[in-house]
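In what follows, a structure is listed as structure tokens, so that the remarks can point back to it.
Computation of the quantities below employed the complete heavy-atom set of this structure, encompassing side-chain atoms and omitting hydrogens, waters and symmetry-equivalent molecules. These figures come from a predicted structure and were not determined experimentally. Chain A is the first sequence line, chain B the second, and so forth, proteins listed ahead of strands; every chain is numbered from 1.
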There are 2 protein chains.
Amino acid sequence: MLKPKCNCPELERVDCRLENKELWDRFHELGTEMIITKTGRRMFPTVRCSFSGVELDARYVALMDIVPVDVKRYRYAYHRSSWLVAGKADAPAPVRLYMHPDAPFTGEQLRKQVVSFEKTKLTNNEMDKSGHIVLNSMHKYQPRIHLVKLRPDYHYNGNTPVINNVEYQQFRTFVFPETQFIAVTAYQNQLITKLKIDSNPFAKGFRDSSRLTDLERYEM
Amino acid sequence: MLKPKCNCPELERVDCRLENKELWDRFHELGTEMIITKTGRRMFPTVRCSFSGVELDARYVALMDIVPVDVKRYRYAYHRSSWLVAGKADAPAPVRLYMHPDAPFTGEQLRKQVVSFEKTKLTNNEMDKSGHIVLNSMHKYQPRIHLVKLRPDYHYNGNTPVINNVEYQQFRTFVFPETQFIAVTAYQNQLITKLKIDSNPFAKGFRDSSRLTDLERYEM
DNA sequence: GGGTTTCCACCTAGGTGATAAATT
DNA sequence: AATTTATCACCTAGGTGGAAACCC
């Protein structure tokens, strides 16, 4: 279900903005890829969003899930530098709802601060027990953000509201098409690799300026 | 006020255990010192405690504060390797209540997990705006742990219950005398320095085995 | 001189893509 | 042949005490 939904009139007034849209756009133009590993890999770029129109004293939970865009499997044609459809999708793993670790938020907090899903991790391990989001490699996905407005009597487990299915709550879903990506176990498009290296601080060690050739090393 | 207090019969049944008492005892025997800096320094050892006798479905907040043990100022006599009273205490900074960042906890969580105050930081900067605990150097202090039972209608600011004064709440205070220490800007007792180096993983670089003498370096 | 601050080398902890080996 | 896994060097981020400089 890619279409944004909302089952609560008060949430119709809420707006969600993708804070780092420019960066996502640059990846999207090339065809974003996200690495998935057995132990879980962070997404880069991170989904960072801000909310307006929320009620000051209400309490909210922000969640992310990632759903298949189509029922296709893809492969990368190196000689053509493009993605091709390789067949029908594998059986999808059950979609996991990832609750933002700082949730719940008051409306006041949501108005001030950016909600960053930097800790979200992606895995290809269907047996994963760490709560990471399980995806199939070589399949195309769409992240979604859900904002749930908590009822005052909401049942808590410590800080963590028990949200099993957003359908049962007052919620609204936001979808940013520029955050679509293909899950991979190794990067396919070299331009994506380069953009990741140039924009992710943790990959700084692979940037051109910091990688000396043997000759450069010798000349020092 | 060093004496443990409790204003709530249900909390009388609660017990609090200092999980790393053995380590604290080793420091206490030598006279624990804690570094304070302008930007804030973690405590080592950390106060790690577990609670039993809490109600499964109730919600609790754990807090720490650090209060003066006496109205004295101390100095360290190197030639005697001991602490001496150096006069009357300086004017104390207002005691700051440090709420555990993971609070609130359900009783269920408290029964299972250890509450670790590892992120608590100490500072000598009276103007500190980071929420660190402000202490006077060369003064003796006693950390205290407060367990507050939240009323169901408790007013929240996001995850963070607004606790201005434990006196207004249902609370119980726990005091472990072995966690007393003298605040310092530089270690005085060399035995304390050695025990810190040997027991704090972050100080591993100063352990004997990893510190080579010039001779050892030469012989490699 | 006693106490404090600053800067540093050396750690812990964990996020990167490259690479080669393993798998299918 | 295509894809996945394990390991690695190289980062970010930040917690240590040492040592010298700096106060007062």
Atom-to-atom span, [atom1] of [X] to [atom2] of [N] - whole angstrom:
{"X": "A:Asp90", "N": "D:dT3", "atom1": "CG", "atom2": "P", "value": "12 Å"}
{"X": "A:Met34", "N": "D:dT4", "atom1": "CE", "atom2": "P", "value": "17 Å"}
{"X": "A:Met138", "N": "D:dT4", "atom1": "CE", "atom2": "P", "value": "6 Å"}

Contact list please: residues 182-189 of chain A against DNA chain D, heavy atoms, distance less than 4.0 Å, in numerical order.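 Residues of residues 182-189 of chain A under 4.0 Å from DNA chain D: A:Thr185, A:Ala186.
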
When you check the phosphate oxygens OP1 and OP2 of [N], does a side-chain N or O of [X] lie under 4.0 Å from one of them?
{"X": "A:Lys196", "N": "C:dT16", "result": "no"}
{"X": "B:Ser137", "N": "C:dT4", "result": "yes"}
{"X": "B:Lys38", "N": "C:dT6", "result": "yes"}
{"X": "A:Arg75", "N": "D:dA1", "result": "no"}
{"X": "B:Arg207", "N": "D:dG17", "result": "no"}

Other residues, nucleotides, ligands: >12 heavy atoms within 6.0 Å of B:Gln190 CD: no

What pairs of residues pass the ring-ring contact (aromatic ring centres under 6.0 Å, His included) test when at least one of them lies in residues 72-93 of chain A, not counting sequence neighbours?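 Qualifying pairs, neighbours excluded: A:Tyr76-A:Tyr78, A:Tyr76-A:Trp83.
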
Considering residues at least two apart in sequence or located in another chain, which fulfil the salt bridge (charged side-chain N to carboxylate O under 4.0 Å, His left out) criterion with A:Arg73? A:Asp90

For A:Lys194, which contact category applies under a 4.0 Å heavy-atom criterion: base, sugar-phosphate, or nothing?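 If one applies the 4.0 Å heavy-atom cut-off, A:Lys194 turns out to touch nothing in the nucleic acid.
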
